[in-house]
Structures are given as structure tokens and as C-alpha cells.
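Counting starts at 1 for both ligands and their atoms, following the listed order. No hydrogens, no waters, no symmetry mates; every other heavy atom, side chains included, goes into these values.
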Amino acid sequence: MAEMSELKLEEFLRLNAPEDLSGLTTAIAKSSLMVWESIPFKSGLLSEVNPSGETQKAIDVYSNDVFVEALTGTGFAAEVASEEMAEPAEAKGSVSVAMDPLDGSSNVETNNPIGSIFGFYSKKLPTSGRDLVGALYVTYGGMMTLTFSFGKGVHRFVAVREGSAISFELLGVNLMLPAKPEVYGFGGKRKDWIPAVAQFWHTLEEKGLRNRYCGTFVGDYNQVLARGGIFSYPALVAKPGGKLRVLYESAPMAFINEQAGGYASDGRRNVLDIVPSVLAERSPLYIGSSSLVREIEAKITSDS
Ligand code: AHG
Ligand code: MN
Ligand code: MN
């Protein structure tokens with residue numbers, strides 16, 4: 001393999017991905033640069049709400065439109081479903097793409113980490129994570145990175161400026177969760193968590209883990225992948241379904257996490273086994289190092 005840092009995304013995809021996933025990934029890479037550069041100028045709130053009933057921000061709609069145009073334009077997408085659209089955009093390809101075009105949009109003004117999440121499904125949506133043939137997330141934080149898997153390991157590329165051009169260079173291949181879990185991050189308010197989650201959360205510092213939470217799923221998961229540990233947006237007493245959407249957020253990240261040696265649960269079963277009945281279906285999420293996720297899954301199951 002060429003010197004790691006010189007291997008460009010296009011070359012890596014040509015050698016390691018089927019043509020359709022390669023084309024879709026290249027389209028996302030190019031479009032994510034446009035989203036990244038627009039972030040400072042599109043933090044305003046709009047009057048519309050998305051199918052989950054959340055008020056949209058200019059960056060939610062802009063990133064959605066940029067990615068829909070790029071993905072449908074490849075000829076490889078059969079449809080593009082998005083957390084920002086009630087119905088998928090139809091196209092003529094073979095891969096059903098589900099996306100969260102901008103994850104963490106409430107964190108734009110504070111310049112906290114934000115990202116984008118994509119799931120590449122082999123069947124018409126909605127369908128289970130078992131039909132994923134690939135998944136990818138973008139981080140727009142300190143480094144602009146693409147982390148993805150097509151079922152043969154997790155790989156990462158980083159945006160690098162060369163004069164006036166920006167290319168994506170290889171940062172790491174076959175990323176794996178470290179054996180020793182180090183960080184944890186739980187969303188929602190502690191007073192709202194179901195009791196099993198609150199009890200488990202209190203054991204984590206005794207286990208030697210450190211609290212690392214930034215309020216964006218992509219940012220919070222990205223550090224779990226690097227340090228080992230657990231991220232959760234848990235079941236809440238008043239919202240047993242939690243907050244994150246299966247098709248657009250949890251299943252694609254669970255696919256990547258499983259490729260990295262981890263496990264993701266909704267509190268009862270593997271997230272990848274959930275068959276959403278509607279596009280925007282939510283589920284609680286516990287994701288990261290298998291030992292910790294299986295421990296909280298067992299605690300929740302025994303509590304019910
Ligand atoms: P999105 O901006 O796509 O709606 O996702 C935000 C999600 C997720 O990124 C994060 O884990 C969670 O919202 C944080 O929720 P709270 O702001 O309710 O803590
Ligand atoms: Mn979003
Ligand atoms: Mn999101």
C-alpha cells in the first residue's frame with residue numbers, strides 16, 4: 001500500500017469499495033466540504049419543523065439539500081431518505097441512502113463538534129440495520145474527517161489543504177475500539193433517565209472511566225471509538241423511545257461500531273435487529289465497548 005498519508009480517498013475507494021459505494025462516498029466527501037464552509041453562516045433558526053417535530057436550522061436544510069443533490073446525481077442512489085424530509089428523494093440507482101445531514105445542529109453557535117451520518121442500505125426504506133452494506137460519518141470539528149465501513153473494517157480519511165485544493169488523505173485503517181474502556185457520555189437529563197441507567201451511570205467512575213460529553217452524537221461516539229467506553233442517549237421515563245432515530249443515526253453508527261469490535265443496543269437487543277416501522281422511528285441507544293453495553297442491556301432487561 002502507498003505511504004499511508006499519501007493514499008488519497010479516490011484511490012482507496014477504487015481498490016476497496018464497490019463502484020456504487022465508492023461513488024456515493026466520493027459525492028459525500030465533496031459535498032461535506034461545502035457544508036463545512038457554510039457552518040458559520042447558516043446557524044439561524046427557520047420556521048419549519050422536521051418530521052421529528054424539531055425546529056429546523058438553516059444548516060439542517062442547506063446540508064440536506066446539498067447532500068440530496070450530490071447523492072441523487074451519482075446515479076447510484078435508489079432513494080435518499082433524511083431526518084429533514086418527510087419522504088425520500090427518489091432516484092434510479094440501487095442503494096437506499098438514509099442520512100442525518102447535520103447531527104448536532106443545536107451546537108453550531110457554540111462551535112461544539114457537529115457531524116453528518118449516512119447509512120447505505122440494500123433494501124427499500126424503512127428496513128433494518130441488517131440490510132446495511134455500509135455507513136459513514138463526517139466530523140466537522142478540529143479535523144474534518146470521514147470515518148466509514150463497507151463491511152471490511154473501519155477506515156478514516158482527513159481533509160488536507162494543498163494550495164487552493166482540498167483532498168482527503170488516509171488517517172487510519174481498521175480502526176478498533178481499545179480493549180480498555182476509558183470514556184462515557186450520556187445524553188438527556190439525569191433526573192429523566194430510567195432507573196437502571198442512573199444506577200449503571202454511577203458505577204462508571206468506579207470502573208475508572210471519565211465523563212466526556214459534547215452534546216453531539218457524532219462527536220460523542222467518535223471519542224468512544226478512539227478511547228473505548230460507552231455513549232448513550234438512553235430511554236427516559238417520559239420518553240421510553242429515547243431521542244435518536246434508528247435509520248438515520250443509531251443503525252449506521254451501530255454498523256461502524258460493530259466493525260470496530262463493539263456492540264450497540266436499544267436496551268433489549270442489537271440495534272441492527274430493529275426493523276423500524278416508520279422512517280423517523282426513534283430508539284434508546286447504548287453504544288461502544290461490548291462489555292459495558294451488554295452490562296447495561298442486562299440491567300435494563302432484568303429491571304423490566
Ligand atoms: P440532531 O441535531 O441531528 O437532531 O441530533 C442531535 C442529537 C444528537 O446529536 C445528540 O446526541 C442529542 O441530540 C443531544 O440531545 P439533547 O440536546 O437533548 O441533549
Ligand atoms: Mn440532524
Ligand atoms: Mn442527529
Donor-acceptor under 3.5 Å (Lys57 side chain, Leu45 main chain): no
Given 3.5 Å as the limit, does a donor-acceptor pair link the side chain of Asn257 with the main chain of Tyr263, or not? yes
Atoms in ligand 1 with a heavy atom of [X] nearer than 4.0 Å:
X	answer
Ser105	2 (O)
Leu102	2 (O), 3 (O)
Glu83	1 (P), 3 (O), 4 (O)
Leu244	7 (C), 8 (C)
Gly104	1 (P), 2 (O), 3 (O), 5 (O), 6 (C), 9 (O)
Thr216	9 (O)
Glu249	3 (O), 5 (O)
Asp100	3 (O)

Could you walk me through whether Arg130 and Lys123 pass the side-chain contact (heavy atoms from CB on, under 4.5 Å) test, one step at a time? CA-CA 10 Å; Arg130 293 297 176 197; Lys123 287 193 185 140; over 6 Å; no
Would you mind finding which of Gly215, Gly219, Gly242, Gly187 brings a heavy atom closest to atom 10 (C) of ligand 1?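 Shortest heavy-atom distance from atom 10 (C) of ligand 1: Gly215.
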[X] versus [Y], closest heavy-atom pair with distance:
X	Y	value
Pro252	Ala135	O-CB, 3.3 Å
Gly267	Thr301	O-OG1, 3.4 Å
Ala77	Thr74	N-OG1, 3.8 Å
Ile166	Ala159	CG2-CB, 3.9 Å

Can you spot which of Tyr248, Tyr137, Tyr233, Phe231 makes a ring-ring contact (aromatic ring centres under 6.0 Å, His included) with Phe217?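 Only one option passes, and that is Phe231.
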Determine, for Phe200 and Lys299, whether the Lys NZ or Arg CZ falls below 6.0 Å from the six-membered ring centre while staying within 45 degrees of the axis. no
Say whether Asp220 and ligand 1 are in contact under the criterion: heavy-atom distance to a ligand atom below 4.0 Å. no
Classify the ring geometry between Phe148 and Phe157 as parallel (under 30°), tilted (30 to 60°) or perpendicular (over 60°). parallel
Determine the interplanar angle of the Phe120 and Phe118 rings, folded into 0 to 90°, and report it as parallel if under 30°, tilted if 30 to 60°, perpendicular if over 60°.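 It falls in the parallel class, under 30°.
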Looking at side-chain heavy atoms only, is the closest gap between Tyr140 and Ser116 below 4.5 Å?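 Result yes, sub-4.5 Å side-chain heavy-atom pair found.
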Taking C-beta and beyond as the side chain, do Glu83 and Pro51 meet within less than 4.5 Å on heavy atoms? no
Decide whether an N or O pair under 3.5 Å exists between Tyr233 and ligand 1.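 There is such a contact, yes.
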Any N or O of Phe231 closer than 3.5 Å to N or O of ligand 1: no
Which residue holds the protein heavy atom closest to [atom], what is that atom called, and what is the gap in Å?
atom	answer
atom 9 (O) of ligand 1	Asp103 OD1, 2.6 Å
atom 4 (O) of ligand 1	Arg245 NH2, 3.3 Å
atom 11 (O) of ligand 1	Phe217 N, 3.4 Å
atom 15 (O) of ligand 1	Lys243 NZ, 3.0 Å

Quick one: report the N, O or S atom of Glu83 that is nearest to the Mn ion (ligand 2). OE2
Which bit of Tyr213 gets closer than 4.0 Å to ligand 1, counting heavy atoms only: side chain, backbone, both or neither? side chain
Under 4.0 Å between heavy atoms, the region of Gln56 that gets near ligand 1 turns out to be neither
The Mn ion (ligand 2) and [X]: any N/O/S contact shorter than 2.8 Å?
X	result
Asp100	yes
Asp60	no
Pro101	no

Does any donor atom in the side chain of Gln56 or Asp60 lie under 3.5 Å from an acceptor atom in the other side chain? no
Could you identify the N, O or S atom of Glu249 positioned closest to the Mn ion (ligand 3)? OE2
The Mn ion (ligand 3) -> Asp103, closest N, O or S atom is OD1
